Amino acid sequence: MLRPRHALLAVLLSALPIAAAPAQNLDSLLARMTLEEKLGQLNLLSAGGRASPEQTALVRRGLVGGLFNVIGTENTRAVDRVATTESRLKIPLLFGLDVIHGFRTIFPIPLAEAGAFDPELAEATARAAGREAAAAGVNWTYAPMVDIARDPRWGRIAEGSGEDPYLGSLLAAARVRGFQESILATAKHFAAYGAAEAGRDYNTADISERTLREVYLPPFKAAVDAGVATLMSAFNDIGGVPASGNAWLTDTLLRRDWGFNGMVVSDWTSVAELIPHGIAGSRAEAGRRALTAGVDMDMQSSIYVETLAPLVQGGRIPMAVVDEAVRRVLRAKARVAALKPVAPNPVEIRALARRAARESIVLLKNEGGVLPLDKAAPVIAVIGPLADNRLDALGPWHTEGKPEDVVTVLQGIKSRVPASTQVLYAQGAGIEDTSTAGFADAVAAARRAKVAILVLGERHDMSGEAASRSSLGLPGVQQQLLEAVAATGTPVVLILMNGRPLILEWAAEHVPAIVETWYLGVEAGNATAEVLFGEVNPSGRLVATFPRSVGQIPLYYNHRNTGRPPAGDKFTSKYIDVPVTPRYPFGYGLSYTTFAYRDLKVASRTTVGSRDLQAGPVRLGPSDTLSVVVTVANTGSREGTEVVQLYVRDEVASVARPVRELKGFSRVTLKPGEARRIELRLAARDLAFYGLDMKRVVEPGTFRVFVGPNSAEGLEATFEVAYP
Ligand code: BGC
């Protein structure tokens, strides 16, 4: 816990909660600050584990407001002591870190965890990670990453919740709540970073204001509404205006329209990058653009502290702008002081990691019931570069996670089979190898086995920042390895470990069973083996569309229809060389059991009362709520969990609406033979969109509602929105 010594700051920090921190306390502190000290509070620097002597000297002079990548309380305390006892104003530091999917205990990557469709789980893992980080002196995370991504070429799709704004918003809010029990959270990257053209990182995002508002902004709004302390401005430009120098975005929209009163931090040198973007000719001008746009803290450019004083003295930047930014930084520090971090419980956190890994696994294919496997098979072959690989299972942001904590798939399998079962292991090839020298061993192992489990995919750092790919097949010779093993005739189970949707055409046609495990973190091998042997029935769903070919990208479920929807006729919106449909749609995922949907009924909540709802058409007033009721039955022979999904389509509106939009879901666990009536609710205001005048509107008319197992299937009903 920080222990500010300075009397003024102590008053400020004790005036809690911060939202109510009396302005006069801040003002009296501000009044005592020199311009240099003010700009110092806006300066954020990265350390390499601990503060360097040069950084410590800057802290002593009051020229640093926060450090990140300082890890361990001995290191945070050491430099914080300099700030709070040796600097003139004794203001404590912020200590930031990217805690993206775990700190010490590594959880599944966010893209995987989102597939659990379980906000309570996302909140729990964020809470656990926040506790672990706080125990190591961190008080501010650069998470959650809430960028919607429709392009799997973009490596950072792994860090977010996929392509859907509704699910993305629920998870953004959940993660903010979870982290902020113990540390401050940051919703990033504001905004539209996920719309990087061609999936190339840092690239321009040239999207309409409507798409920005309806697709990319909702998770940020949800984070703001959940009380997120800070936002991070993105690297990209939006239609020519870089997000780190975009007054409309950070000032007008975020602060004025949304009422956000927290702090905005730039991304890593994104203030300096306004120069290569081409909107500033000098460092000082870049700093002026960013600060006046509302970017309060300058991460890693040192531009504010080094260049802005003369501009303020010369009147080119109003002192009021500097003061306001400093106030926001100080308020964030007061929020830190108000936190009461909870000590992490390693046993509980490890169990949570197992649960998260189980819920994240997606069964993509299971032809002929190859899965679950019989543990007592005499010989099982486990093959592939990721089968016994600890580091890569941790995924792109493994912070303080340790490879030695990881249970590999091979270990998970070995620890579950009886002594009578022989497990043969062959690596076959490295992830990016060009050599097929290891194939012979792999093929020999497969020949001897009842089943061959191939664990293939990407290296952990082929996802994440600066890791865009232009081809999405299995890297190296892994595809050939898969084909060579399949050619033995031994049934193949393909386990995928990767950070993005891959192109899996050959496997989808030729391999009987495919399991998408993403990067599951420390419990990867246990959770995967539990699924393989049927101890856990998979329930994860895809939150990003799997295309058939890279040429289809961007491909996402909530697209508009076009004037010529794909049909048999040549002159319709499609390709001549690949179907227009995805390989696996958003929301898709199989189970070891089967589910049937029946009796879809919709009714206005106002008229619900009797147990028998009327089938549509149903009229919904603008302030009514729709009740959507469906019976879901487990028609197989195992207990299983279904993610019941509700989608809506506005048939006719002043602006063309997506063919489907997710508006609700429910995870339901059913015993074999069990049927349950599920009710999902939809308020008329949830049907709002940005109209011709860019104002939110619910227009009267006919809507279709779909309830089913994914975005491409399901039962349908209609209802009307009518004005009284
Ligand atoms: C990334 C951010 C991250 C920051 C600090 C940047 O390169 O884009 O997501 O929070 O570095 O590590």
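Quick caveat, the model's predicted, so the values are computed rather than measured. Remember, it's 1-based here, ligands and their atoms both numbered in the order they're listed. Numbers for residues simply follow the sequence, beginning at 1.
With a heavy-atom cut-off of 4.0 Å, Glu159 does not touch ligand 1 at all. When non-hydrogen atoms are compared, ligand 1 lies under 4.0 Å from the side chain of Met232 (C-beta onward) but not from its backbone.
A 4.5 Å side-chain heavy-atom check between Asp237 and Thr204 finds at least one atom pair inside the cut-off. Counting only heavy atoms from C-beta outward, the side chains of Leu474 and Leu502 approach each other to under 4.5 Å.
If you run side-chain hydrogen bond (donor to acceptor under 3.5 Å, both in side chains) between Tyr193 and each of Asp267, Asp147, Asp201, Asn236, only Asp201 comes through.
Taking the six-membered ring for Trp and thresholds of 30 and 60 degrees, Phe235 and Tyr202 have ring planes more than 60 degrees apart, a perpendicular arrangement.
The cationic group of Arg541 does not satisfy the cation-pi geometry with Phe117, failing either the under 6.0 Å distance to the six-membered ring centre or the 45° limit from the ring axis.
For Asn69, no nitrogen or oxygen atom sits less than 3.5 Å from a nitrogen or oxygen atom of ligand 1, counting backbone and side chain alike. Polar contact with ligand 1: present for Asp267 (N/O pair, distance under 3.5 Å). Ligand 1 has no nitrogen or oxygen under 3.5 angstrom from a nitrogen or oxygen of Trp268. Polar contact with ligand 1: present for His189 (N/O pair, distance under 3.5 Å). The shortest N or O to N or O distance between Trp397 and ligand 1 is not under 3.5 Å.
Checking side-chain atoms of Arg500 against main-chain N and O of Ala544 turns up no donor-acceptor pair under 3.5 Å. With hydrogens and angles ignored, the 3.5 Å screen pairs a side-chain donor or acceptor of Asp392 with a backbone N or O of His460.
When all heavy atoms of Ile106 and His398 are compared, the pair lying nearest together is CD1-O, 3.3 Å.
Applying the 4.0 Å criterion to heavy atoms of Lys188 picks out, from ligand 1, the atoms 2 (C), 3 (C), 9 (O), 10 (O). Near Phe235, meaning under 4.0 Å from any of its heavy atoms, are these atoms of ligand 1: 7 (O), 8 (O). For ligand 1, the atoms sitting less than 4.0 Å from at least one non-hydrogen atom of Phe68 are 5 (C), 12 (O), numbered in the order shown with element in parentheses.
Contact annotation: Arg156 has at least one heavy atom less than 4.0 Å from an atom of ligand 1.
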